Structures are given as structure tokens and as C-alpha cells.
Amino acid sequence: MTIDLVNFTPITAIGGGILIGCAAILLMAGNKAIMGVSGIARSALLDGDKKWRLCFLTGIVSAAALASNLMTTPPLVEVTTHKGYLLTAGLLVGLGTSLGNGCTSGHGVCGLSRFSKRSFVAVCLFMATAMLTTYLLK
């Protein structure tokens, strides 16, 4: 995977962070639910009350597609990794979020902002695992 760091500007990152924060606040205020995308996706597939979860997930995908079309120069992202690695990584992330009862959005955005000790431990484990994996694969 190649990211164009030469032309990186923090504006898109700040804009994305603001939108994620707004989504978390709106979901908590309107639906009294904590925004954890992996939990919402799992519940949309397995549990009842699928309507708002499917709307939320559709909104995430639609917003990303809309933002990509509105950008004058979309970010350059070239994936050069073997597809087997990507599939394995996706499965491991799914397993990890299931074991950790949440993902980066649930623990990292909502959990840390609520001073959750469990989320603090989970985020530390996410970050340590990501750093170790990157170090081993480079």
C-alpha cells in the first residue's frame, strides 16, 4: 500500500475526524447507542433491530463515496499487497474486534472520550499489535 505523503494535507484528516465525532454524537443523542462500527455491522447481520444499523452503515459507505467524488484530487492509494494478506488481515481484524467487543471507533473514539478503562486497554492493544505487525512485515 502506498500513501501519497508528499501531497498530504491535514485538512481532509481533520474533516474526517470532525465527521466521525459528529456521527458518534448524533448516534448517542438520537439513538442512545455507542458508535462502534464492528458491533453495528455484526448486529445488523445477526441480531434484531436491523433498520437503523443498516441505515448507519449505508450512510458510512455513501459519505465516503460522496467525499471521494467531491475531492478535486482524491488521495493516491495504491494497494500492492497480495490479496491473500488483505483477506487474512480482514479476518484477523474481525476476530480481534469480536474478541475485544469493539473496534477502533467504539473503543478509540467513543470509549476513550468516556474515560473507559476497558477501551484504554483495548486501544493500547490495537496500537501495539499494529506497530508490531507493521514492523514484522516491513
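Remember, it's a predicted structure, so these values are computed and weren't measured experimentally.
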What distance do [X] atom [atom1] and [Y] atom [atom2] have between them, rounded to the nearest 0.5 Å?
{"X": "C124", "Y": "L112", "atom1": "SG", "atom2": "CG", "value": "8.0 Å"}
{"X": "T133", "Y": "L92", "atom1": "OG1", "atom2": "CG", "value": "8.5 Å"}
{"X": "N101", "Y": "R42", "atom1": "CG", "atom2": "CZ", "value": "6.0 Å"}
{"X": "L19", "Y": "I60", "atom1": "CG", "atom2": "CD1", "value": "11.5 Å"}

Which residues pass the side-chain contact (heavy atoms from CB on, under 4.5 Å) test with [X], not counting sequence neighbours?
{"X": "L26", "value": "none"}
{"X": "Y85", "value": "T81, H82"}
{"X": "S113", "value": "none"}
{"X": "I20", "value": "M35, V109"}

* Please check if the side chain of N69 supplies one atom and the backbone of A65 the other of a donor-acceptor pair under 3.5 Å. => yes

* Please list all pairs passing the salt bridge (Lys or Arg N to Asp or Glu O under 4.0 Å) test where one or both residues lie in residues 51-71, with sequence neighbours left out. => D49-R53

* With sequence neighbours left out, which residue pairs that include part of residues 109-126 fulfil the salt bridge (Lys or Arg N to Asp or Glu O under 4.0 Å) condition? -> none

Give me the other members of the hydrophobic cluster that [X] sits in, counting Ile, Leu, Val, Met, Phe, Trp and Tyr linked by side-chain heavy atoms under 4.5 Å, directly or via other members.
{"X": "I18", "answer": "I14"}
{"X": "L46", "answer": "L45"}
{"X": "I11", "answer": "none"}
{"X": "L125", "answer": "V121"}

* Asked: With the 4.5 Å side-chain cut-off for hydrophobic clustering, are V37 and W52 part of the same group?
  -> yes

* Non-neighbouring partners of S43 that pass side chain to side chain donor-acceptor pair (under 3.5 Å), sequence neighbours left out -> D47

* Results of side chain to side chain donor-acceptor pair (under 3.5 Å) for S119 - residues two or more places apart only -> H107, S116

* Asked: Minimum heavy-atom separation for G102 to S38, with atom names?
  -> C-OG, 3.8 Å

* Looking at I40 and I34, what are the two nearest heavy atoms and their distance? -> CD1-O, 4.5 Å

* Kindly check if the number of other-residue, nucleotide or ligand heavy atoms within 6.0 Å of CE (M127) is above 12? => no

